[in-house]
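This report concerns only the one structure given below.
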Amino acid sequence: MTTSPRPSMETHPDIVDMRLRHEMAERATSTPQGQAIETMALLTGLYLAASPWITGFNNLSTLAVTNLLTGIAYAVLMSGGFGRAYERTHGMAWASCALGVWAIIAPWVVAGNVSTTKTIVNNVIVGALALLLALAASAAARTAESSRARRGMPTSYAPGRG
């Protein structure tokens with residue numbers, strides 16, 4: 001009984017695909033634009049988290065806690081805290097867009113009377129910046145995926161491949 005030689009793990013299609021995705025993500029995040037978006041997004045999230053104490057509306061506890069949690073979540077999502085693969089970055093960027101929109105509308109929807117001029121100006125500006133940075137990250141992820149597709153590389157896992 002003869003057995004055919006088994007391919008090594010190094011040449012398995014899933015391993016090769018995973019290596020290509022990792023290399024693409026490394027190249028994309030090492031560009032000056034990718035680093036700038038990531039840095040600005042991290043700073044935006046940290047500012048949003050600390051903004052109640054910076055701008056002086058920490059006595060409005062519902063909005064202060066909302067900004068703290070939203071800012072931390074935004075900073076973690078946009079700084080690559082959950083992974084570097086651009087398929088995941090694209091999804092995280094859209095979740096970060098939702099956090100930016102939430103920051104904009106929060107002064108009007110959280111409990112209590114927190115919609116003061118100070119809170120509205122702060123949250124609208126920071127939320128809009130967060131939204132724009134998340135859209136830029138999403139566009140960068142989409143560009144990386146489309147360039148990968150143009151080169152003929154698979155863009156996601158396809159069952160039965162191999």
Side-chain angles (χ1 to χ4, degrees), residues 17-18 20-150 153-159:
D17 184 48
M18 187 171 52
L20 290 171
R21 276 193 312 237
H22 178 73
E23 289 170 7
M24 180 189 64
E26 283 297 314
R27 279 192 305 273
T29 56
S30 64
T31 65
Q33 295 86 0
Q35 291 174 350
I37 291 170
E38 190 173 303
T39 300
M40 290 182 63
L42 175 65
L43 292 174
T44 299
L46 293 176
Y47 174 79
L48 180 60
S51 65
W53 294 273
I54 293 170
T55 59
F57 61 87
N58 57 329
N59 58 337
L60 304 171
S61 62
T62 55
L63 188 59
V65 170
T66 296
N67 280 13
L68 177 65
L69 296 175
T70 304
I72 290 170
Y74 183 85
V76 169
L77 282 175
M78 290 296 289
S79 68
F82 290 118
R84 289 284 189 213
Y86 255 30
E87 292 88 2
R88 281 181 258 147
T89 303
H90 181 71
M92 289 185 291
W94 284 110
S96 297
C97 285
L99 291 174
V101 170
W102 172 251
I104 293 170
I105 65 170
W108 292 284
V109 296
V110 298
N113 186 17
V114 296
S115 59
T116 66
T117 302
K118 197 183 309 189
T119 61
I120 291 171
V121 168
N122 179 74
N123 276 40
V124 168
I125 291 172
V126 177
L129 180 59
L131 178 60
L132 290 174
L133 289 168
L135 288 171
S138 178
R142 206 172 22 252
T143 300
E145 282 298 311
S146 65
S147 71
R148 183 176 177 191
R150 279 193 303 271
M153 294 182 217
T155 56
S156 62
Y157 175 73

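Please read these numbers as outputs of a predicted model, since none were measured by experiment.
Between the side chain of Ser96 and the main chain of Ala134, no donor-acceptor pair closer than 3.5 Å is present.
Rounding to the nearest 0.5 angstrom, the gap separating the CG atom in Leu43 from the CD atom in Glu38 is 11.0 Å. Remark: Leu42 CG to Met40 CE distance equals 11.5 Å, nearest 0.5 Å. Atom OG1 of residue Thr44 and atom CG of residue Leu133 lie 5.0 Å apart, to the nearest 0.5 angstrom. To the nearest 0.5 Å, atom SG of residue Cys97 and atom OH of residue Tyr74 are 7.5 Å apart.
Looking at every heavy atom in both residues, Ala41 comes nearest to Met78 through CB-CB, 3.5 Å.
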Which donor-acceptor pairs under 3.5 Å do side chains of residues 45-55 form with protein atoms, sequence neighbours excluded?
unit_1 : atom_1 : unit_2 : atom_2 : d
Tyr47  : OH     : Asn122 : OD1    : 2.8
Ser51  : OG     : Leu48  : O      : 2.9
Ser51  : OG     : Asn67  : ND2    : 3.3
Ser51  : OG     : Asn122 : ND2    : 3.2
Thr55  : OG1    : Ser51  : O      : 2.7

Only distances under 3.5 Å count here; give the side-chain donor-acceptor pairs of residues 99-113 to other protein atoms, sequence neighbours excluded, each with its distance to 0.1 Å.
none

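Remark: Thr62 pairs with no residue by the side chain to side chain donor-acceptor pair (under 3.5 Å) rule, at least two apart or across chains.
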